[in-house]
Amino acid sequence: MTAITGKTRVAGVVGHPIAHSLSPVLHNAWLAAAGIDGVYVALEARDGGFRRLVEGLKTTSFAGCNVTLPFKEDALASADEVHPRAARAKAANLLVFQDGRVHADNTDGLGLLAAFAEQATGFDAKAGPVVVLGAGGGARGAVAAFLDAGCPHVRVVNRTFGRAEALVAELGGEAFGLTDAEAAFQGAIAVVNATSAGLADNHAPDFPLAATPETCVVMDMVYKPLVTPFLAQAQALGRRTVDGLAMLIGQAAPSFEAFYGQPPPKDVDVRALALKALSLKAPGQ
Ligand code: ATR
């Protein structure tokens with residue numbers, strides 16, 4: 001990082017907890033490589049502090065912030081202007097402060113598609129049905145991203161069928177219960193795990209991945225561990241896989257451009273830096 005001066009452009013990420021966020025690692029490496037007089041910090045908001053933080057910072061020189069759990073819905077509600085893709089996702093992961101106004105966006109869907117482009121060479125979302133597992137916020141963003149990318153058919157599989165039905169009624173696609181997962185996997189070109197199954201106990205979600213075509217690409221939004229039990233199951237079946245770290249980096253890039261006015265430099269291996277940061281953490285953190 002170059003020395004912080006009175007002109008340094010400050011942005012950051014807000015969440016709770018936030019200490020283990022990888023976003024400062026990514027953004028500060030890009031800033032240093034690009035020689036930009038900027039810095040990116042992590043802020044933990046407590047006790048209703050998120051709304052007060054946005055209210056206060058929007059009329060300062062603070063460029064803006066990424067927003068992570070549990071404030072993505074609050075972020076959307078705090079905005080003066082909302083990008084249509086954030087409105088569709090019903091959540092914002094990016095707030096930009098400009099002339100006292102708050103602009104909300106959601107770059108998670110862009111990150112998802114960037115991850116496929118990077119790790120599943122030749123993948124074309126227009127080429128066939130895609131399956132999204134889960135019906136929470138992450139799943140909603142994935143469904144919107146695939147539909148926006150021209151996917152002809154999005155199938156939403158969820159344990160609670162009613163939530164899948166509600167999601168597709170709003171965004172489009174077809175709802176399936178867990179017992180119909182095998183039918184949903186028929187002819188799928190991609191399966192994305194957006195459930196929180198296995199997050200706590202590290203068990204693979206019990207989905208019948210063997211029912212997918214051999215050419216199907218399997219992705220997990222979780223990146224800790226990098227190869228989740230779900231991805232390991234897919235790899236054992238010989239499927240190509242896409243990991244959640246590529247999505248994290250993919251959502252960070254358009255955020256960086258929004259804060260600092262230029263895309264991140266390509267000549268810095270932020271994935272290696274993120275992997276190093278991940279390996280330095282104690283298990284479970
Ligand atoms: P987020 O907003 O982060 O996506 P969420 O709203 O809590 O999180 O959604 C978690 C998703 O994981 C839900 O789709 C949930 O299914 P239900 O709607 O039936 O609750 C899914 N999920 C969590 N644990 C699961 C498990 N053990 N098996 C299958 N699905 C699971």
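FYI, side chains are in, hydrogens and waters are out, and symmetry mates aren't considered; it's all heavy atoms of this structure. We count ligands from 1, going down the list as the structure has it; atoms in each ligand are counted the same way.
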Output yes when the distance from some N or O of ligand 1 to some N or O of Gly137 is under 3.5 Å, and no in every other case.
yes

Which option wins on minimum heavy-atom distance to atom 9 (O) of ligand 1: Ala91, Gly136, Ala135, Ala139?
Gly136

Which residue holds the protein heavy atom closest to atom 10 (C) of ligand 1, what is that atom called, and what is the gap in Å?
Ser196 OG, 3.4 Å

Please test Asn93 against Gln251 for side-chain contact (heavy atoms from CB on, under 4.5 Å), starting from the C-alpha separation and ending with a verdict.
CA-CA 9 Å; Asn93 75 328; Gln251 65 76 36; 3.0 Å; yes

For atom 17 (P) of ligand 1, grab the closest protein heavy atom and report residue, atom and distance to one decimal in Å.
Thr160 OG1, 3.4 Å

Quick test: of every protein heavy atom, which one is nearest to atom 28 (N) of ligand 1, and how far off is it to 0.1 Å?
Ala197 CB, 3.7 Å

Linking I/L/V/M/F/W/Y whenever any side-chain heavy atoms sit under 4.5 Å apart, do Val67 and Leu76 land together?
no

Distance below 4.0 Å between atom 14 (O) of ligand 1 and any protein heavy atom?
yes

Measuring centre to centre across the rings, with the benzene-like ring taken for any Trp, is Phe259 within less than 6.0 Å of Phe97?
no

Counting only heavy atoms closer than 4.0 Å, does ligand 1 sit against the backbone of Thr195, its side chain, both, or neither?
both

Determine, using the 4.5 Å side-chain heavy-atom cutoff (strictly less than), whether Val131 and Met219 are members of one ILVMFWY cluster.
no

So if you build clusters from Ile, Leu, Val, Met, Phe, Trp, Tyr with side-chain heavy-atom gaps below 4.5 Å, do Leu26 and Leu275 land together?
yes

For atom 16 (O) of ligand 1, what's the nearest protein heavy atom and its distance?
Asn158 OD1, 3.2 Å

Ring pair (Phe, Tyr, Trp, His ring centres under 6.0 Å) with Tyr260: which residues, sequence neighbours excluded?
Phe256

Can you find an N or O of Arg159 that's nearer than 3.5 Å to an N or O of ligand 1?
yes

Near Gly134, which atoms of ligand 1 are under 4.0 Å from a heavy atom of that residue?
14 (O)

Heavy atoms of the protein only: does one fall short of 4.0 Å from atom 7 (O) of ligand 1?
no

Side chain Asn28, main chain Tyr40, donor-acceptor under 3.5 Å:
yes

Provide the closest heavy-atom pair for Asn66 versus Leu94 in the form atom of the first, atom of the second, distance.
ND2-CD1, 3.9 Å

